[in-house]
Number of protein chains: 2
Amino acid sequence: MRPHKLRFAILAVDVAIIAVLDGTPHVLLTPVHLPPDIIDAYALPGGLVRPDETAEEACVRLLSEKCGLEDCYSEQLATFSAVDRDPRGRVVSVAYLVLVPEPAARGHGLPDGLSWREAARVGKLAYDHNEIVAAALGRLRAELQSTTIARQLIAPQFTLSELQSLYESVLGRALDKRNFRKKLIADGVVRPTGKMLQAALGRPSELYRFAGSKVEVISVLSGS
Amino acid sequence: MRPHKLRFAILAVDVAIIAVLDGTPHVLLTPVHLPPDIIDAYALPGGLVRPDETAEEACVRLLSEKCGLEDCYSEQLATFSAVDRDPRGRVVSVAYLVLVPEPAARGHGLPDGLSWREAARVGKLAYDHNEIVAAALGRLRAELQSTTIARQLIAPQFTLSELQSLYESVLGRALDKRNFRKKLIADGVVRPTGKMLQAALGRPSELYRFAGSKVEVISVLSGS
DNA sequence: GCAAAAGTGTTGGATATACACCCATGT
DNA sequence: ACATGGGTGTATATCCAACACTTTTGC
């Protein structure tokens, strides 16, 4: 082995951080400006993987260091390795999907120039980050329907209307209120807490929580 | 940026090549012997990603160079980045799932010491390759039930009994013959060719083919 | 009493499951 | 004629989809 020939790749992590804010999916973006190739663009937060950490660890570290986010749900999405994906040189990136509940996303002041942008209107991002965002949203949509991953996007206690509108905004289609409730309650996915929430207007709603303590693989929805 | 500090990662590809042979899932393994850490073990075929190729391209190249396999279906599985996963140093590996139809797997002489081994009985593999094999089989099981990926594991024309036994061997459970046929035919997933196959014994069976030309995402099975 | 959001049941259709016998062939 | 694997239909239960009105609250 000739180590100097083999040590060619710069390994990075890029993070698609998703939160549903005001009923629409948002992504956390950071400004980039690397003339001449990238001018006044936006990109996903990311950074290099250190020699002594795994990609997962880098992801957690970058979330903390660059975004001020702690204890978020994250899962590996895919690895992007196009030779020219970064104008600075060969950088291979492991992309992660990270989910932030709405209250957490609102609650903490964003560092630097980070900002939440509507996922459907991010425009042209730097690098291949549009591809990563598309993969993240696709994965999220798939998992919403087959797992209890929604718990990672919502407060610990929530009304069923809130949960339904989360589903509707991510899936991009309306769901039937009665079928939605029926299914989630009958399947034991969510459980009533007994507490009531008085919204600004209208009848108070009951607060629910997810039954299990982790993300579980079950058929959450078919069509509703 | 200090490039010399950043250029740390060796990027590799490891390939979980699956074929269903004699009604049981097999993986293609290669012997490894790297004392003192790895002695007389087996591992998935793999190799380094070159500076001028993507991970996908490296996967295709390695399949050809190391395994003599051309034009196989492949998809990225996940990236494994544990710091000590390779005793020789820091090697991050992008794992791929590759599927080979039974006739192709039988038809070509295996180079080197490569051999097909029953996936359920591979024993302790080198590196983290047991993890990769587990991920590959899990992905395959999931996709068998929701896509037409089975086409990548079987000859272009096949009997429904062959297809069913493929499903059964990968999923590890028996399926009802009538329901299996009903569903695949009713959903238009497979189409009869009109040709008959005279097996060694018993009534001749009709040959079918998959209807679409690609792997399609549909609900292939529920329980049968 | 009105506006706003919460909550609740039924029915018809489709889909899934369970199950057992006859058919075509080679020997 | 028998052994072997191929092929077929029906009845039941479950699940899904569509659908509209009543309740509780604040103002």
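Below, chains carry the letters A, B, ... as their sequence lines are ordered, and counting in each starts from 1.
Checking the phosphate oxygens (OP1, OP2) of dC19(D), no side-chain nitrogen or oxygen of Arg178(A) falls inside 4.0 Å.
Rounded to whole Å, the distance from CZ on Phe180(B) to P on dT15(C) is 18 Å. As rounded to whole Å, 15 Å separates atom P of dG7(C) from atom CG of Asp176(A).
Each salt bridge (Lys or Arg N to Asp or Glu O under 4.0 Å) pair with one or both residues in residues 136-156 of chain A, not counting sequence neighbours, appears once here: Glu75(A)-Arg139(A).
Partners of Arg106(A) according to the salt bridge (Lys or Arg N to Asp or Glu O under 4.0 Å) rule, which considers only residues two or more places apart in sequence or in another chain, are Asp22(A), Glu102(A). Under the ring-ring contact (aromatic ring centres under 6.0 Å, His included) criterion, Phe158(A) pairs with Phe210(A), not counting sequence neighbours.
When each of dT17(C), dG7(C), dA18(D) is scored by its nearest atom to the side-chain atoms of Lys182(B), the top-ranked nucleotide is dT17(C).
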Output side-chain donor-acceptor pairs under 3.5 Å for residues 183-194 of chain A, partner residues at least two apart or in another chain, one line each.
from	atom 1	to	atom 2	distance (Å)
Thr193(A)	OG1	Lys195(A)	N	3.1
Thr193(A)	OG1	Leu207(A)	O	2.8

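Residue Lys183(B) places no side-chain atom within donor-acceptor reach of the base of dT17(C), judged by atom type and a 3.5 Å distance cut-off alone.
Under 4.0 Å is where a charged nitrogen must lie from a carboxylate oxygen, and between Glu53(A) and Arg61(A) at least one such pair does.
For the contact set between residues 192-203 of chain A and DNA chain C, defined by any heavy atom under 4.0 Å, the members are Leu201(A), Gly202(A), Arg203(A). Within residues 153-169 of chain A, no residue has any heavy atom under 4.0 Å from DNA chain D.
Inter-residue side-chain proximity for Gln76(B) and Val94(B) is flagged as met; some heavy-atom pair is nearer than 4.5 Å. Contact check for Ile154(A) versus Pro101(A): no side-chain heavy atoms found under the 4.5 Å cut-off.
Between the side chain of Glu57(A) and the backbone N or O of Thr54(A), at least one donor-acceptor pair lies under 3.5 Å.
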